[in-house]
J.: 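Here it is, the structure in full.
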Amino acid sequence: MKEYGGLAQSIIQYSGGAENIIAANNCMTRVRLELADTDKAEVDRIKGLKGVLGVNIDAQFQIIVGPGAAAKITEEINKILSPSGAVSNKDRAKEIAAHNKAVIKEKQKVSKGKLLLKTISNIFIPLAPAFIATGLMAGLQSIVGTMISEGMLSADFNQWVTVLRVIKAGVLSYLVIYVGINAAREFKTDMGLGGALGAVALLTGMSADAPILNIFTGEALRSGQGGVIGVILAVWILSVIHRKLSDIMPKSIDLIATSFLSLFISALIMIFFIMPFAGWVSDGILFVVTKLLAIGGAFAGFILAAVWLPLVMLGLHHFMTPIHVELINQTGMTILLPILTMAGAGQVGAAFALWFKCRKNKPLTDIIKGGLPAGILGIGEPLIYGVTLPLGKPFITACIGAGFGGAFIGSFGNVGATSIGATGILMIPLIADHKWMIYVGGLLISYAVGFAATYLFGVPAQAQREVTDLEDLEMA
């Protein structure tokens, strides 16, 4: 942890000091800081630190350091901040953070649509480790199941398949509860009530003999109808009701009455209005996605894969998670994810081309060597922020490579992943209906076209010059 401690110290120093940091947390690849004054941060100094792959300023001050490192660096930052008493007044800290967010949003003129996508991203980011773990569990289950059916393993291993299925199903089966809790935190309301409202979507107390009817169609509501999309909307309504009731409720009965009434009212709205409506939206998403690939085929696959890297760059890729979940709930697989994964594959091809053509640039090749293993496994941020985006041209040629891989998969129209969380080569066992060879074909095409396009058109001249010191490294 010594190397992370030194980097943590430098990040604190160049972020305006401990007194300027209100809070520090992380996602898979980024250290996320709440700063009292973003203008005090020395962005160029932070970008120049060894181990930092880039900086992104939005509602938070985000430092991209790559998978694994993000959690460890954040831990070290919090160890340093905790005894320093950088912020002793919690209410004041919240006030400064809210002000800081407002200032940044005003500066960047963030649209309401982008803010909505950011909110959805923040709801699902904490679930990323669970998605990855269960995705790999699903892949292992698929491999063992195939080996049993092919006679490579005895039927005695069927129990292990069941065990793996139980572990895998835990997250997706009760995902609405996790989403309800995270949405409540995002909307600044009671997280217990948010989780309880998410559980309402499961309709646990309903039986086939006494169903709850859709007031619009007269049909019985289905457990989980509307899925996570409906839960997010319902928890937002819960937050509004809870806040209004809390303002007018006598303090002596506030805890009991506000909790009861806000959950009861929002649950009724969810069951009789949101679940039917969100179910209709979910069905619409399935129809649109299916038709898009059925009609657009290779062209649709090219566009989807080619534009995905810019969305990842902006940190907006998590907004697709509820759509993937709904597709899996309705059809058993998401046909979007294998196509979108080609974005990372195109970037891997571009990185190999840069490594091959920029051998004299030791700092750049060191960054590439550090980012490639993660990129091959499907985590693209290290290569995006450390290599392709700063150089400019390779980012575009990587998108082109991704597009060709997406076009190949899109031309088949029905290649899907049975779980989310694992991408890159780790998604191979998750491809449904034994169509993994098509997916692998898409990966290889993205690697090859990304490499060729970058080698021929995407290597800036300054990246090819001889460089031995990180401080002399120039990016476009």
J.: Count the heavy atoms belonging to other residues, nucleotides or ligands that lie under 6.0 Å from CD1 of Ile253, then report whether that count exceeds 12.
T.: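 Yes, enclosed.
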J.: I need the minimum non-hydrogen distance between Tyr4 and Ala69, along with the two atoms involved.
T.: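 Reported closest heavy-atom pair: CE2-CB, 3.8 Å.
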J.: Is there a donor in the side chain of His324 and an acceptor in the side chain of Thr334, or the other way round, less than 3.5 Å apart?
T.: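 Present: a donor and an acceptor within the cut-off.
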J.: Heavy atoms, side chains only, cut-off 4.5 Å: are Tyr439 and Thr341 in contact?
T.: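 Answer yes - side chains close enough.
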J.: Hey, is the main chain of Ile12 close enough, under 3.5 Å, to the side chain of Ser15 for a donor-acceptor pair?
T.: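 The answer is no, because no donor-acceptor pair under 3.5 Å joins these two groups.
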J.: When you compare the side chain of Asn26 with that of Arg30, does any pair of heavy atoms fall below 4.5 Å?
T.: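 Side-chain contact under 4.5 Å: no.
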J.: Is the CE atom of Met249 crowded by more than 12 outside heavy atoms at less than 6.0 Å?
T.: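 More than 12 heavy atoms, drawn from other residues, nucleotides or ligands, come within 6.0 Å of this atom.
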J.: Do Leu202 and Ile177 have side chains that get closer than 4.5 Å, going by heavy atoms?
T.: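 Yes, close enough: below the 4.5 Å cut-off.
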J.: Side chains of Phe272 and Phe216, heavy atoms from C-beta outward: is any pair under 4.5 Å?
T.: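 No - every pair of side-chain heavy atoms lies 4.5 Å or more apart.
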J.: Which pair of non-hydrogen atoms, one from Ile181 and one from Gly195, has the smallest distance, and what is that distance?
T.: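 The answer is CG1-CA, 3.6 Å.
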J.: Taking side chain as C-beta onward, heavy atoms only, is Leu391 less than 4.5 Å from Pro394?
T.: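 The answer is yes, as the side chains (C-beta and beyond) meet within the 4.5 Å cut-off.
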J.: Checking Phe299 now: which residues fulfil ring-ring contact (aromatic ring centres under 6.0 Å, His included) with it, not counting sequence neighbours?
T.: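 Result, ring-ring contact (aromatic ring centres under 6.0 Å, His included) vs Phe299: none returned.
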J.: Would you call Leu33 and Gln62 a side-chain contact if the rule is heavy atoms closer than 4.5 Å?
T.: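 When only atoms from C-beta onward are counted, Gln62 and Leu33 do not touch, as no gap falls below 4.5 Å.
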J.: Are there more than 12 heavy atoms of other residues, nucleotides or ligands under 6.0 Å from atom CG of Asp44?
T.: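 Counting other residues, nucleotides and ligands, CG of Asp44 stays at 12 neighbours or fewer.
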J.: For a 4.5 angstrom cut-off between non-hydrogen side-chain atoms, does Leu245 reach Arg243?
T.: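 Not touching, per the 4.5 Å side-chain cut-off.
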J.: Checking side-chain contact (heavy atoms from CB on, under 4.5 Å) between Leu233 and each of Val281, Val228, Ile274, which is the one that passes?
T.: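 Among Val281, Val228, Ile274, the one that satisfies the side-chain contact (heavy atoms from CB on, under 4.5 Å) with Leu233 is Ile274.
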J.: What heavy-atom pair brings Ala402 and Ala305 nearest, and what distance separates the two atoms?
T.: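 Shortest heavy-atom contact: O-CB, 3.2 Å.
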J.: Decide yes or no for Ile420 and Ile328: does some side-chain heavy atom of the first lie under 4.5 Å from some side-chain heavy atom of the second?
T.: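 The answer is yes, as the side chains (C-beta and beyond) meet within the 4.5 Å cut-off.
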J.: Is the shortest side-chain N to carboxylate O distance from Lys72 to Glu75 below 4.0 Å?
T.: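 Glu75 and Lys72: not salt-bridged.
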J.: Do other residues, nucleotides or ligands put more than 12 heavy atoms under 6.0 Å from the CD atom of Glu219?
T.: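 For Glu219, atom CD is not crowded (no more than 12 foreign heavy atoms under 6.0 Å).
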